[in-house]
Amino acid sequence: MTEKKSSLPENIQRKIDQWVTRYPTEQKRSGVLQALMFVQEHNGGYLTEALMDAVADYLEMPRIAVYEVATFYSLYHLKPVGRHVIDVCTNISCMLRDSQCIVDHIKKRLHINANETTTDGKFTLREVECLAACAAAPMMQIGKKYYENLTPEKVDTILDGLE
Amino acid sequence: MSDIEIEIDGQTCTAAPNQMVIQVADAVGIYIPRFCYHKHLSVAANCRMCLVEVEKAPKPMPACATPVAAGMKVFTRSAKALAAQRAVMEFLLINHPLDCPICDQGGECELQDLSLGYGKADSYYCEGKRSVKDEDIGPLIATDMTRCIQCTRCVRFGTEIAGIRELGATDRGENMEITTYIKHTIQSEVSGNIIDLCPVGALTSKPYRFTARAWELVQSATIAAHDCIGSHLYAHTRDGKVMRVVPRENTALNETWISDRDRFSYEGLYHEDRVQKPMIRENGKLKEVSWQDAFAFALQGLQRTLNRSGVAELAGLISPSATLEELYLFQKLLRSVGSTNVEHRLRQSDFSDAMSVAPLVFSLNEFSDADVILLIGSQIHKEQPIAGVHVQKAFKRGAKIIAVNMLDYDFHFSLTEKMIVAPQAFVSALMEINEGKNAMAAVLSSAKKVCIVLGAAAQNHMQAGLVRTLAEQIAKKYNAALGIFTEGANAMGAWIAGAVPEKQMPTSAKAYLLLNVEPDKDCGNPAATVHALRAAEFVVSFSIFHNPILQACAHVIFPIVPFTETSGTFVNMAGDWQSFTGVANAVGEARPAWKVLRVLANYLQLSGFDYESSEEVRREVKEKSLARVPVVVKEVNVVADIPKNKIYRVGDIPIYEVDSIVRRAKALQAIQPVMEGELAAVRMSTEMLTQLQLREGMEVRVKQGEHSVRLPVKLDTHVPGGAVFVPGGIEATKELGNLFGEIEIEGID
Ligand code: SF4
Ligand code: FES
Ligand code: FES
């Protein structure tokens with residue numbers, strides 16, 4: 001067999017190489033979560049099949065195993081998303097604290113439904129399961145930040161403050 | 001650790017300390033319902049159907065994932081257990097479509113059965129159900145994924161048994177789906193097993209689909225006929241016709257699995273090519289006649305030719321997948337007439353290691369404690385899929401696999417060391433190992449237990465005699481178990497029956513007897529064989545199927561039946577004599593070959609052919625049974641003088657082109673190109689392309705001696721320099737010569 005060349009960009013390969021040093025060599029596939037994260041960031045916030053395949057091949061794991069991971073976690077996006085992904089929790093605690101009102105408010109404000117992106121490519125809205133901030137329900141996550149004890153007014157201020 | 005005692009439903013059971021409750025219950029015959037548990041797969045414990053009450057445990061416990069403990073008391077039918085099972089059943093049915101009347105699994109569905117036994121008639125659930133899009137995963141397996149209960153047996157099978165992970169569980173929670181995710185045709189050569197594993201009707205057999213209901217079928221035991229493993233099968237028949245084939249459990253051979261080839265080849269049995277009536281050639285044309293007339297005609301023709309040319313001019317070729325009884329009577333007939341020209345090793349060309357090398361008895365068990373497995377000229381997954389499963393298992397356990405091959409096959413395991421050389425360098429590669437000089441030798445010497453697999457390419461190689469001798473020397477040197485994995489179902493039986501010549505077969509003869517031989521597809525040198533048959537004066541063929549070459553040059557065609565329609569015996573590579581009975585009705589006027597041979601012998605007035613049954617034949621073989629000739633390990637010191645500057649052909653037989661039945665099985669034919677790519681091509685490496693100044697896609701003339709065919713060129717990085725891969729056993733290359741040998745490539749202007 002000829003040496004397979006990876007289609008991943010050099011710098012991503014180096015990042016992955018460095019990351020997987022924390023696992024035993026024969027378990028380098030444990031680095032798949034972080035590798036997908038690197039690749040997603042590099043690709044403007046979402047993953048493609050080709051990129052997932054490249055990660056699978058790079059970490060020498062079955063491609064389907066990477067698809068499983070990428071589809072399981074909501075932190076990976078399989079389609080292009082807006083600059084800011086708004087994840088509103090609609091699981092039990094938040095639901096009891098009327099997360100529906102928050103979702104409805106955002107929909108109305110941005111003129112999109114869940115799993116849609118605004119035409120200017122700024123926001124994507126999603127409903128997600130419990131993000132483990134029940135004590136401060138209702139809550140949402142935008143990017144890497146949590147926003148808690150939400151009210152429609154609070155949501156407006158937050159969204160106004162985003163680039 | 002010593003055994004412990006536990007109690008299940010009041011019954012005291014002995015258990016090994018690491019066992020799960022369900023294993024102990026199974027052993028004593030107490031049934032605990034289950035979906036995800038399977039004794040040959042890892043424990044997933046995701047269906048929760050096996051919940052049982054365990055004394056002192058606050059909640060019901062999954063029996064498949066609860067290890068036994070001394071003094072443990074388990075209740076499988078207590079009120080608490082039953083309530084838990086009923087609740088799980090209700091839960092599993094929430095998203096199930098309950099479309100049993102239109103489901104192919106109906107009547108043999110674990111979900112249906114357990115629902116009846118452990119479920120309840122109604123459900124609290126009244127919301128909408130989810131539905132899942134079906135995927136096309138190829139011509140063998142149909143999917144109805146809405147029915148899936150996500151037990152993940154199919155997924156675990158891929159990882160753990162097949163060694164190739166194609167299905168997975170994507171998404172999560174309510175959206176979880178069993179899928180290939182991207183469009184993908186399942187390529188494992190043992191993929192059909194997920195049909196049996198799937199407890200519901202999510203994965204069903206595409207060819208069998210909607211052709212019968214489980215309760216209309218009669219189940220009969222039989223033996224697989226396409227490789228030397230001899231997997232145990234059940235044939236399911238309706239009105240005397242095979243409707244499908246499923247595995248029959250056998251711990252030593254196939255466990256609960258079978259290859260796709262053994263599962264789906266039955267479609268070939270009823271191909272329109274089946275010969276239904278005896279035929280003779282009159283005025284150059286074949287015509288149907290009665291059995292009597294055919295026998296009389298055969299008698300006349302044979303006598304005429306042999307009287308004129310002598311008995312040495314009679315030769316017999318017989319399929320290595322014929323039964324022991326057929327092989328025995330075939331050679332007995334020839335020998336009684338006075339000819340010793342009888343051969344079953346149709347694809348082999350070199351017997352220089354004396355004629356004495358019968359296949360070795362090799363038990364698949366040898367793989368179970370091997371720490372190094374050496375493959376010599378073997379694509380084990382394709383030649384012997386079930387042996388491949390055993391090697392895969394050894395690999396998972398940590399065994400190192402190394403290979404000397406003439407194509408860089410894609411195995412499901414990874415190789416620790418490999419030598420990929422052209423045919424002309426094959427012998428020297430083996431000599432290097434034998435001399436202990438290379439990295440491979442180092443791996444071998446560090447091993448505690450070595451197994452060596454000699455595959456088809458090694459046996460069909462133009463220096464097979466040297467290859468075998470070297471393999472034996474290597475085996476001796478490293479104290480290895482050597483397995484010669486022969487083509488066909490019964491090469492071992494052929495040796496026992498004596499279907500081998502005393503000296504090399506003549507290249508041509510005046511009269512031929514052929515038994516289930518398609519000269520253009522089954523022979524190692526089809527062009528030469530066809531040429532000899534065309535030149536012969538009298539050719540008698542015992543045929544299951546019509547074949548254009550035989551249509552053109554046979555003088556008599558006797559319709560015989562395949563293994564499913566006769567009683568007989570196959571002897572596998574482990575030396576097991578596996579007898580079977582006919583499971584289906586004969587097609588047309590076709591008859592078991594052993595009977596036809598007996599009657600022909602009677603016509604020829606040969607004595608000792610008064611058999612009443614195939615058992616009687618078998619008994620006679622058993623009494624005479626040639627003790628295996630001990631292998632003479634010769635000294636090899638000559639490097640075979642092979643011109644190194646020539647190009648050599650690697651002529652592997654594709655997985656679903658190995659014999660007359662498989663070649664006619666529709667679904668297998670449909671998946672063949674997916675498994676191995678377009679076959680009608682001459683494949684070579686980039687270096688060879690440059691060397692020969694060719695481009696991919698170009699048509700070239702491929703020549704062996706006087707024989708030539710036109711083929712397109714394909715780039716294939718699996719082919720080493722100095723060689724080209726031109727498959728055998730197929731239409732496009734049937735006019736070529738030896739599978740392994742010199743070959744020329746000429747551009748066409
Ligand atoms: S397809 Fe069948 S075997 Fe596979 S997970 Fe679903 S129910 Fe289980
Ligand atoms: S339910 Fe919303 S954070 Fe837990
Ligand atoms: S069989 Fe035990 S959880 Fe599925």
Side-chain angles (χ1 to χ4, degrees), chain A residues 1-7 24-30 32-33 36 39-40 46-79 87-92 94-95 114-115 126-132, chain B residues 132 135 137 150 152 154-160 162-188 395-396 398 400 403 405 407-420 685-687 689 715-721:
Chain A
M1 235 180 298
T2 40
E3 266 306 302
K4 271 189 231 122
K5 280 258 285 288
S6 176
S7 57
T25 356
E26 68 285 0
Q27 281 167 36
K28 62 177 172 187
R29 60 161 66 185
S30 307
V32 65
L33 284 170
L36 285 173
V39 171
Q40 173 162 290
Y46 73 104
L47 293 168
T48 62
E49 266 165 31
L51 287 172
M52 290 189 275
D53 289 349
V55 168
D57 297 348
Y58 196 73
L59 295 176
E60 291 172 353
M61 56 195 286
R63 292 177 172 189
I64 181 73
V66 173
Y67 306 149
E68 286 177 329
V69 169
T71 53
F72 185 90
Y73 294 103
S74 50
L75 42 87
Y76 300 112
H77 306 294
L78 303 169
K79 278 193 280 208
D87 288 338
V88 186
C89 171
T90 51
N91 209 305
I92 291 190
C94 292
M95 184 188 80
N115 301 317
R126 302 193 306 169
E127 293 181 27
V128 300
E129 306 306 335
C130 179
L131 290 172
Chain B
V132 181
E135 277 186 275
I137 58 171
Q150 300 163 347
T152 70
C154 56
V155 177
R156 281 174 285 148
F157 176 81
T159 327
E160 295 162 22
I164 146 167
R165 181 114 131 69
E166 301 177 273
L167 288 167
T170 61
D171 279 297
R172 62 173 162 177
E174 192 189 39
N175 298 321
M176 180 169 141
E177 275 180 35
I178 299 296
T179 169
T180 55
Y181 191 67
I182 49 163
K183 179 150 179 44
H184 175 82
T185 298
I186 298 281
Q187 282 173 28
S188 158
F395 172 74
K396 286 243 139 169
K400 291 185 181 136
N405 274 326
L407 291 175
D408 194 359
Y409 304 115
D410 292 319
F411 292 111
H412 305 330
F413 38 77
S414 47
L415 297 172
T416 309
E417 288 292 340
K418 64 181 170 187
M419 293 172 84
I420 308 301
S685 63
T686 328
E687 300 85 78
L689 280 176
L715 169 70
D716 189 338
T717 50
H718 300 82
V719 188

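Labels below follow one simple rule: chain letters A, B, ... track the order of the sequence lines, proteins then strands, and each chain is numbered from 1. Since this is a predicted model, take the numbers as computed values, not measurements.
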Could you tell me if the side chain of A:E68 sits less than 4.5 Å from the side chain of B:R165, heavy atoms only?
yes
B:K183 NZ: over 12 foreign heavy atoms closer than 6.0 Å:
yes
Mind checking the CD-OH spacing from A:E49 to B:Y181? Nearest 0.5 Å is all I need.
6.0 Å
Greater than 12 external heavy atoms within 6.0 Å of A:I92's CD1:
no
Counting only non-hydrogen atoms closer than 4.5 Å, does B:E166 touch chain A with its backbone (N, CA, C, O), its side chain (CB onward), both, or neither?
backbone
Are the side chains of A:Y67 and B:T179 in touch, meaning some heavy atoms are under 4.5 Å apart?
no
Under 4.5 Å from a heavy atom of chain A, the part of B:T180 involved
backbone
Counting only non-hydrogen atoms closer than 4.5 Å, does A:A70 touch chain B with its backbone (N, CA, C, O), its side chain (CB onward), both, or neither?
neither
Contact part of A:M52 toward chain B, heavy-atom cut-off under 4.5 Å: side chain, backbone, both or neither?
side chain
Relative to chain A, which segment of B:I164 carries a heavy atom at a distance below 4.5 Å: side chain, backbone, both, or neither?
neither
Got a second to check how far B:D171's CG is from A:F72's CZ, nearest 0.5 Å?
9.5 Å
